[in-house]
Amino acid sequence: MTSRVHRPSSVVNRGPVRSVLGLALACATVAILTGCSSEDASCGGGEYPVMAVGSTGSACVSKGEEPPKGYVRYPEGKVPQHVGDKWDTYWSTHTIDENGKIIKAPDAQ
């Protein structure tokens with residue numbers, strides 16, 4: 001009579017779990033190392049965000065082009081990069097007036 005060694009079911013079932021965890025860890029590592037983010041970007045590649053003068057509206061403009069009439073570039077260092085980031089939130093209650101001054105947005109007062 002031969003004796004058999006039986007593995008507990010917890011050991012047998014870990015193969016797929018380890019694979020999924022390994023894949024998730026690898027994806028997270030790649031995202032961190034490449035600077036990728038799961039946040040929604042304010043504009044697509046090759047574009048930059050601009051804001052509407054006197055309101056909280058915004059748009060995206062192709063790099064190398066000037067903002068359309070009624071829009072201006074965000075002040076340097078205050079450009080939203082992702083939906084919901086610090087500057088995106090700030091500009092939801094502030095705007096730039098026709099003189100280039102940062103003011104509370106009319107609809108936020």
Side-chain angles (χ1 to χ4, degrees):
M1 189 176 214
T2 60
S3 101
R4 295 184 186 179
V5 176
H6 294 282
R7 292 184 180 184
S9 62
S10 62
V11 173
V12 174
N13 292 335
R14 284 193 177 177
V17 172
R18 285 184 183 175
S19 296
V20 170
L21 290 175
L23 180 61
L25 180 60
C27 290
T29 301
V30 168
I32 290 169
L33 293 176
T34 61
C36 293
S37 173
S38 62
E39 299 173 322
D40 292 328
S42 296
C43 290
E47 298 178 320
Y48 68 94
V50 293
M51 65 183 309
V53 175
S55 77
T56 58
S58 64
C60 295
V61 175
S62 294
K63 289 183 179 175
E65 291 185 17
E66 289 299 313
K69 185 177 180 182
Y71 287 83
V72 294
R73 294 177 187 263
Y74 285 93
E76 189 173 336
K78 298 180 180 183
V79 181
Q81 301 297 315
H82 299 282
V83 175
D85 72 9
K86 172 184 172 181
W87 292 115
D88 184 57
T89 303
Y90 177 82
W91 292 113
S92 69
T93 58
H94 293 79
T95 190
I96 295 181
D97 69 12
E98 60 279 349
N99 298 314
K101 181 180 172 189
I102 296 174
I103 60 169
K104 282 269 194 190
D107 52 348
Q109 293 178 358

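Numbers here simply count residues along the sequence, with the first being 1. Remember, predicted model here, so these are calculated numbers, not experimental data.
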Q) Any donor and acceptor pair, going by atom type alone, linking the side chain of W91 with main-chain N or O of K78 inside 3.5 Å? A) yes
Q: Look at the side-chain heavy atoms of Ile, Leu, Val, Met, Phe, Trp and Tyr, link any pair under 4.5 Å apart, and say whether Y48 and V53 land in one connected group.
A: no
Q.
Are P106 and T95 packed together at the side-chain level, in the sense that at least one heavy-atom pair is separated by less than 4.5 angstrom?
A. yes
(Q) Using every non-hydrogen atom in the two residues, find where V61 and P68 come nearest and quote the distance to one decimal. (A) CG2-CD, 3.7 Å
Q: Using modelled atom types only, decide if a donor and an acceptor are shared between the side chain of D97 and the backbone of N99 within a distance under 3.5 Å.
A: yes
Q.
When you compare the side chain of S58 with that of P49, does any pair of heavy atoms fall below 4.5 Å?
A. no
Q) Taking the side chain as C-beta and beyond, is there a heavy-atom pair between D85 and P80 under 4.5 Å? A) yes
Q) Transitively linked via ILVMFWY side-chain contacts under 4.5 Å: Y71 with M51? A) no
(Q) Any non-hydrogen side-chain atom of H94 less than 4.5 Å from a side-chain atom of K104? (A) yes
Q: Start with the C-alpha distance between H82 and D40, add both sets of side-chain angles, then the distance that settles side chain to side chain contact (heavy atoms under 4.5 Å, CB included), and finish with yes or no.
A: CA-CA 6 Å; H82 299 282; D40 292 328; over 6 Å; no
Q) Would you find a donor on one side and an acceptor on the other, under 3.5 Å apart, between the side chain of E65 and the backbone of S62? A) no
Q.
So, taking the atom named CG in D88 and the one named OG1 in T56, what distance separates them when rounded to the nearest 0.5 Å?
A. 10.0 Å
Q: Report yes if the side chains of R73 and E66 come closer than 4.5 Å at any heavy-atom pair, otherwise no.
A: yes
Q) Do S42 and V79 have side chains that get closer than 4.5 Å, going by heavy atoms? A) no
**Q.** Cluster link Y74 to W87, ILVMFWY, side chain under 4.5 Å
**A.** yes
Q: Please examine the side chains of Y90 and I102, heavy atoms only from C-beta on, and report whether any two atoms are closer than 4.5 Å.
A: yes
